[in-house]
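Okay, structure first, notes after.
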Amino acid sequence: SNAFRHAQAGTIRVEISASNTTTRVVIRDDGRGFDPQAAEDTAAHWGLTSLRERVRALGGTCNIESTPDHGTRVAVEVNHRRSRYRETSM
């Protein structure tokens with residue numbers, strides 16, 4: 001929803017892949033993009049900071065690539081063996 005609301009994207013693509021050890025999610029949009037370095041320096045982008053913190057808490061990586069007027073790509077990868085979160089059955 002942020003891509004629609006903030007990026008004014010016409011197309012959003014979500015790719016999800018998983019193996020026995022890793023889950024990877026890549027989200028791309030063709031929106032207006034932004035300067036990722038400038039976003040780190042402002043409170044206006046708490047969503048990105050929160051996303052990175054949540055992924056890091058799972059022991060994963062989060063890579064955000066964006067260029068003004070050229071869209072954004074967010075890639076999240078969590079290695080199940082390194083993850084601090086383990087799903088348990090009830």
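For the single chain, residues carry numbers from 1 onward in sequence order.
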[atom1]-[atom2] distance between [X] and [Y], expressed to the nearest 0.5 angstrom:
X     : Y     : atom1 : atom2 : value
Arg24 : Ser19 : CZ    : OG    : 11.5 Å
Asn79 : Thr22 : CG    : OG1   : 4.5 Å
Thr67 : Arg73 : OG1   : CZ    : 12.0 Å

Give every donor-acceptor pair under 3.5 Å between a side-chain atom in residues 25-32 and any protein atom, sequence neighbours left out.
unit_1: Arg28; atom_1: NH1; unit_2: Glu15; atom_2: OE2; d: 2.8
unit_1: Asp29; atom_1: OD1; unit_2: Gly31; atom_2: N; d: 2.8
unit_1: Asp29; atom_1: OD1; unit_2: Thr72; atom_2: N; d: 3.3
unit_1: Asp30; atom_1: OD1; unit_2: Gly10; atom_2: N; d: 2.8
unit_1: Asp30; atom_1: OD1; unit_2: Thr11; atom_2: N; d: 2.8
unit_1: Asp30; atom_1: OD2; unit_2: Thr11; atom_2: N; d: 3.4
unit_1: Arg32; atom_1: NE; unit_2: His6; atom_2: O; d: 2.8
unit_1: Arg32; atom_1: NH2; unit_2: His6; atom_2: O; d: 2.9

Kindly indicate whether the side chain of [X], heavy atoms from C-beta on, has any atom under 4.5 Å from the side chain of [Y].
X     : Y     : value
Thr23 : Glu77 : no
Asp69 : Phe34 : no
Leu51 : Val74 : yes

Nearest heavy atoms of Ser66 and Gly71, plus distance in Å:
OG-O, 3.0 Å

